[in-house]
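Have a look at the structure below before the remarks.
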Amino acid sequence: MDAATAKTNLLGLDRPGLEGLFASLGEKPFRAGQVLQWLHARGCDDFAAMTNLSKALRERLAQGSQIAAPQVQADHLASDGTRKWLFQVPGGSAIETVYIPETRRGTLCVSSQVGCQLNCSFCQTARQGFNRNLGVDEIVGQIWAASRLLPPHPAREKPITNVVFMGMGEPLLNFDNVVAAIRVMLDDLAYGLSWRRVTVSTSGVVPMIDRLREECPVALAVSLHAPDDALRDELVPLNRRYPIDVLLDACRRYVAGDSRRRITFEYTLLAGVNDHPAQAKALAKLLARVPAKVNLIPYNPVAGLPYSTSPPQAVAQFRDELLRRGLVATVRKTRGDDIAGACGQLAGQVLPRARRAVPLSPSA
Ligand code: SAH
């Protein structure tokens with residue numbers, strides 16, 4: 001519900017939500033599917049165009065509801081085709097969304113919160129502080145807007161084939177909204193993505209990993225970044241609450257019962273901090289007990305932070321140590337770094353809670 005207009009934003013409703021809305025209008029539940037299709041499969045933003053609904057129903061919808069995505073404040077295209085949008089959200093802040101085209105897929109990296117509360121020592125978003133959770137409409141609005149803004153893909157029906165919750169924020173600390181948004185992404189009549197193509201990335205909010213398994217077991221990525229608690233306490237302070245052992249147990253539970261499933265462990269390589277071959281060995285030992293693959297991320301430098309990128313030969317050596325010990329390990333290609341669209345560079349504009357209404361000039 002938008003307080004200013006008292007209109008329900010239809011982008012914020014998954015199928016059960018839309019069914020509830022239609023029930024309150026005395027309409028049949030199948031209307032929900034029709035509207036999902038108009039909104040998401042076709043990217044429609046005009047009630048008048050929804051021609052399989054009666055004219056009277058279209059008018060009632062237009063009176064009580066709206067189709068409102070976050071507004072584009074900036075649109076950057078990197079030399080490698082990566083595209084980054086800065087979306088304005090109510091309250092004066094802005095969030096970032098990144099589209100990463102590859103040969104066989106197009107991945108949309110979405111934000112789940114305005115800023116972040118977790119304070120990982122090497123991350124740009126952490127430096128922005130935290131303002132609020134994004135609503136379902138604001139999360140879904142990112143894929144809705146990106147789908148409309150991206151040009152048609154020459155080789156496939158839809159430019160976006162995958163979604164990763166690796167933008168700003170910790171998705172599992174905005175659990176209900178993230179799950180409702182994922183339901184829209186998975187709905188056959190909306191975006192129709194398979195659970196394998198939607199990845200939630202978490203710093204390790206253990207109780208919510210269990211809830212995700214129960215309610216919406218999509219692909220899971222865990223930001224590990226260290227092979228021992230002493231170092232992880234420093235890099236990812238949430239580790240003090242949910243240490244590595246407890247986290248890995250939750251990961252094991254997440255994939256239990258399905259031998260094809262694996263957890264992706266993200267490991268950002270920081271020169272001289274966590275990139276020593278002995279640490280690779282320790283990491284391999286740790287992950288021997290979980291069906292895992294490791295995604296090594298070369299650090300993207302953040303101004304003002306005391307970390308630097310591991311040299312390529314250190315990255316290769318670290319990967320080889322893991323491979324030698326039987327782990328699946330890949331190095332994430334850096335994408336979009338010339339528009340500050342790479343991992344950990346997303347900043348947006350996060351207003352402190354107390355000064356929400358103060359306008360800020362657009363970020364560089
Ligand atoms: N809060 C979630 C979602 C963020 S995903 C999570 O922690 O998983 C963003 C990923 O990029 C995380 O693995 C994060 O640790 C990593 N990251 C953050 N800053 C980075 C940087 N400057 N360079 C490379 N990776 C970074």
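Side chains are part of it too, since the values below use all heavy atoms of this structure and drop only hydrogens, waters and symmetry mates. Note that ligands are numbered from 1 as they come in the structure, with each ligand's atoms numbered from 1 the same way.
Interface atoms of ligand 1 facing Ser223, defined by a heavy-atom separation under 4.0 Å, are 6 (C), 7 (O), 8 (O), 12 (C), 13 (O), 15 (O). Applying the 4.0 Å criterion to heavy atoms of Gly167 picks out, from ligand 1, the atoms 4 (C). For ligand 1, the atoms lying closer than 4.0 Å to a non-hydrogen atom of His225 are 13 (O), 14 (C), 15 (O). Within the listing of ligand 1, atoms 1 (N), 2 (C), 3 (C) sit less than 4.0 angstrom from a heavy atom of Gly169. The Cys123 neighbourhood of ligand 1 comprises atoms 18 (C), 19 (N), with distances under 4.0 Å to a heavy atom of that residue. Those atoms of ligand 1 that come under 4.0 Å of a heavy atom in Ser203, given as number and element, are 1 (N), 6 (C), 7 (O), 8 (O). Residue contact check: Ile297 has heavy atoms under 4.0 Å from atoms 24 (C), 25 (N) of ligand 1.
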Q | Chi angles and distances behind the side-chain contact (heavy atoms from CB on, under 4.5 Å) call for Phe318, Leu283 | A | CA-CA 10 Å; Phe318 198 95; Leu283 180 63; 4.0 Å; yes
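Nearest-heavy-atom check against atom 17 (N) of ligand 1 across Phe122, Phe265, Tyr299, Phe165 picks out Phe122.
For residues 215-230, the pairs satisfying side chain to side chain donor-acceptor pair (under 3.5 Å) are Arg211-Glu215, Ser223-Glu266, Asp229-Asn239, with sequence neighbours left out.
By the 3.5 Å distance cut-off applied to N or O atoms, Glu170 is counted among the residues near ligand 1. For ligand 1, the polar-atom distance check against Pro298 finds no nitrogen or oxygen pair separated by under 3.5 Å.
A salt bridge does not link Asp338 with Lys84: every distance from a Lys NZ or Arg NE/NH1/NH2 to an Asp or Glu carboxylate oxygen is 4.0 Å or more.
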